[in-house]
S.K.: 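Sharing a structure with you now.
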Amino acid sequence: MLSYRHAFHAGNHADVLKHVVLLELLAYFNRKDKPWQYIDTHAGGGCYALASAQAEKNAESADGIGRLWAREDLPEPVAAYVAAVRQFNPQGRLLFYPGSPALAMTAARSQDRLRLFELHPADFDSLQRTFAAERGRVQVSRADGFAALKSLLPPPSRRALALIDPPYELKEDYRRAVEVLRDAMRRFPTGTYALWYPMLSRAEARALPGRLAELGAQSWLEVRLAVRSPPRDGFGMFGSGLYIVNPPWVLPARLEAMMPWLVERLAIDEGAGFDLEHHIE
């Protein structure tokens with residue numbers, strides 16, 4: 001089933017949380033000269049035109065990056081994120097939104113490498129075009145990222161960040177996400193893994209955080225951002241979360257300082273809030 005297209009959701013509140021944290025992780029990796037590898041299991045189209053029919057259908061970016069774009073009081077992690085998005089909008093107007101691999105590329109140095117996987121044919125073609133000039137550092141594959149991840153671990157540099165970000169349009173995505181993370185932790189215990197998930201009323205989504213906790217990671221961080229109350233009809237995403245294995249030791253304090261500000265700016269109703277839990281060794 002390949003009906004999911006991230007263009008419909010580009011730049012929404014979930015992207016804000018995911019991409020602020022992604023850039024924080026890579027900034028920490030860049031504290032050392034040693035190269036790193038970024039692996040994206042569900043890379044999407046690379047970059048999205050916010051004036052496209054898909055992006056304008058629900059205009060989700062208006063309640064995400066759109067609420068931050070013109071602000072001058074951004075906390076440091078949010079300011080770094082908005083600055084990265086501005087690299088794709090040199091005229092100053094918010095016209096394009098970079099996906100996870102494009103934002104990762106803004107942090108990549110000459111020695112770093114990206115491995116990107118996407119199954120949807122149209123998104124794969126877009127992804128290839130986005131990175132056509134970077135074939136020396138970026139490898140794009142039309143493949144199942146869940147299955148491909150195991151072949152890349154451990155990486156030659158022994159430094160890697162894997163973003164596991166499936167669409168969750170199928171029930172089995174929840175199961176596979178947990179299984180793939182468990183396998184990755186076994187193959188490369190010191191790798192950093194960031195698994196994104198939606199906050200939904202459906203049973204699989206509610207059960208996922210508990211299943212992640214059962215993996216037994218020794219060092220982990222989980223952050224959740226809700227922008228509204230759970231819908232009464234049970235439909236629709238009201239927030240999202242990230243479960244990170246082997247996070248940087250500085251990340252909890254930076255998120256604790258940032259998240260109240262972000263909740264206030266992205267809140268849709270009184271149900272907005274955040275949770276942050278961690279155990280870092």
Side-chain angles (χ1 to χ4, degrees), residues 17-43 46-47 74-88 90 98-117 127-128 130-141 145 148-165 181 183-196 217-221 223 242-258 278-281:
L17 177 65
K18 175 171 57 182
H19 291 152
V20 166
V21 175
L22 172 63
L23 291 173
E24 282 287 295
L25 295 172
L26 292 177
Y28 186 80
F29 274 32
N30 282 346
R31 290 186 176 190
K32 295 183 178 180
D33 292 335
K34 192 174 181 180
W36 46 258
Q37 185 172 84
Y38 170 76
I39 305 165
D40 199 320
T41 63
H42 297 75
C47 194
L74 304 173
E76 185 179 345
V78 182
Y81 156 69
V82 172
V85 178
R86 288 190 182 278
Q87 293 185 35
F88 299 83
S100 302
L103 283 170
M105 197 65 194
T106 68
R109 305 157 302 177
S110 60
Q111 66 266 40
D112 304 320
R113 299 293 182 266
L114 279 66
R115 291 295 307 271
L116 312 177
F117 299 94
L127 193 64
Q128 281 193 309
T130 298
F131 291 98
E134 297 288 353
R135 290 179 180 172
R137 293 192 292 163
V138 182
Q139 183 174 339
V140 180
S141 303
L149 179 58
K150 64 179 63 178
S151 67
L152 301 179
L153 302 177
S157 68
R158 300 285 170 163
R159 300 184 78 211
L161 167 62
L163 177 63
I164 302 170
D165 180 21
L181 180 55
D183 181 75
M185 291 166 57
R186 179 181 60 82
R187 291 175 183 272
F188 183 38
T190 58
T192 298
Y193 307 97
L195 189 148
W196 177 89
Q218 293 184 343
S219 188
W220 57 271
L221 180 148
V223 58
L242 280 166
Y243 183 81
I244 303 168
V245 176
N246 297 325
W249 66 270
V250 298
L251 188 59
R254 290 179 66 80
L255 293 184
E256 285 169 359
M258 176 197 77
H278 58 88
H279 181 270
I280 297 179
E281 296 186 349

S.K.: Are there more than 12 heavy atoms of other residues, nucleotides or ligands under 6.0 Å from atom CZ of Arg186?
M.R.: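 Check passes, neighbour count above 12.
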
S.K.: As an exercise, state the distance from OG of Ser151 to CZ of Arg115, rounded to the nearest 0.5 Å.
M.R.: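 Answer for the OG-CZ pair, Ser151 versus Arg115, is 6.5 Å.
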
S.K.: Quick check: closest heavy atoms across Leu25 and Ala194, and the distance to 0.1 Å?
M.R.: CD1-CB, 4.3 Å

S.K.: Is a donor on one side and an acceptor on the other found under 3.5 Å between the side chain of Asn246 and the backbone of Gly191?
M.R.: yes

S.K.: Nearest 0.5 Å, what's the CG-CZ distance between Leu153 and Arg158?
M.R.: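 Between Leu153 CG and Arg158 CZ, I get 10.0 Å after rounding to 0.5 Å.
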
S.K.: Output yes when a side-chain donor or acceptor of His19 lies under 3.5 Å from a complementary backbone atom of Gly99, and no otherwise.
M.R.: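 Not at all, since once roles are kept as given, no pair shorter than 3.5 Å links the two residues.
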
S.K.: Please walk me through it: do Leu114 and Met105 pass side-chain contact (heavy atoms from CB on, under 4.5 Å)?
M.R.: CA-CA 8 Å; Leu114 279 66; Met105 197 65 194; 4.0 Å; yes

S.K.: Using side-chain heavy atoms (C-beta onward) and a distance below 4.5 Å, is Val223 in contact with Leu251?
M.R.: no

S.K.: Considering only heavy atoms from C-beta outward, does the side chain of Phe131 approach that of Gln139 to under 4.5 Å?
M.R.: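 SC-SC contact between Phe131 and Gln139 ruled out.
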
S.K.: Mind listing the closest non-hydrogen atom pair of Gly46 and Ala102 along with its distance?
M.R.: O-CB, 3.3 Å

S.K.: Would you mind reporting whether Tyr28 and Pro247 have side-chain heavy atoms less than 4.5 Å apart?
M.R.: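 No, every pair of side-chain atoms sits at 4.5 Å or beyond.
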
S.K.: State, with a plain yes or no, whether a side-chain heavy atom of Asp183 is found less than 4.5 Å away from one of Leu149.
M.R.: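 Sidechains of Leu149 and Asp183: no contact.
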
S.K.: What pair of heavy atoms forms the shortest contact from Ile280 to Pro248, and how long is it?
M.R.: CD1-O, 3.7 Å

S.K.: Give me the atom names and distance for the closest heavy-atom approach of Asp165 to His42.
M.R.: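 Nearest pair, atom of Asp165 first, then His42: O-CB, 3.3 Å.
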
S.K.: Just by distance, do the side chain of Gln111 and the backbone of Asp33 share a donor-acceptor pair under 3.5 Å?
M.R.: yes

S.K.: Quick check: closest heavy atoms across Arg159 and Lys34, and the distance to 0.1 Å?
M.R.: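 Closest heavy-atom pair between Arg159 and Lys34: NH1-O, 2.5 Å.
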
S.K.: Measuring from atom CD of Gln218 to atom CE of Met185, what distance do you get when rounded to the nearest 0.5 angstrom?
M.R.: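 So the CD of Gln218 and the CE of Met185 are separated by 8.5 Å.
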
S.K.: Considering only heavy atoms from C-beta outward, does the side chain of Val250 approach that of Arg31 to under 4.5 Å?
M.R.: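 Heavy-atom side-chain distance check passes, below 4.5 Å.
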
S.K.: Hey, which of Leu152, Thr41, Leu127 is the one that makes side chain to side chain contact (heavy atoms under 4.5 Å, CB included) with Phe117?
M.R.: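 By the side chain to side chain contact (heavy atoms under 4.5 Å, CB included) criterion, Phe117 pairs with just one of Leu152, Thr41, Leu127: Leu152.
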
S.K.: OG/Ser157 to CD/Gln37 distance, rounded to the nearest 0.5 angstrom?
M.R.: 6.5 Å

S.K.: Please say which of Leu161, Leu26, Thr192 ends up in a side chain to side chain contact (heavy atoms under 4.5 Å, CB included) with Trp36.
M.R.: Leu26

S.K.: Please round to the nearest 0.5 Å and tell me the distance separating atom CD1 of Ile244 and atom CG of Leu163.
M.R.: 10.0 Å

S.K.: Is there a donor-acceptor contact under 3.5 Å from the side chain of Tyr193 to the main chain of Ala184?
M.R.: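 Yes; judged by distance alone, with no hydrogens or angles, the pair exists.
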
S.K.: If we only count heavy atoms from C-beta on, is the Leu221 to Leu255 side-chain gap below 4.5 Å?
M.R.: yes

S.K.: Is there a side-chain contact between Pro35 and Arg113, using heavy atoms and a 4.5 Å cut-off?
M.R.: no

S.K.: Can you check whether Phe88 reaches Thr106 side chain to side chain, under 4.5 Å on heavy atoms?
M.R.: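 Yes. Closest side-chain heavy atoms under 4.5 Å.
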
S.K.: Met258 and Val20: which non-hydrogen atoms are nearest, and at how many Å?
M.R.: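 Minimum heavy-atom contact is SD-CG1, 3.5 Å.
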
S.K.: Without swapping roles, check the side chain of Asp112 against the backbone of Tyr38 for a donor-acceptor pair under 3.5 Å.
M.R.: no

S.K.: Give the ring-plane orientation class for Tyr243 versus Trp220, where under 30° counts as parallel, over 60° as perpendicular and anything between as tilted.
M.R.: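 Parallel, since the angle between the ring planes stays under 30°.
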
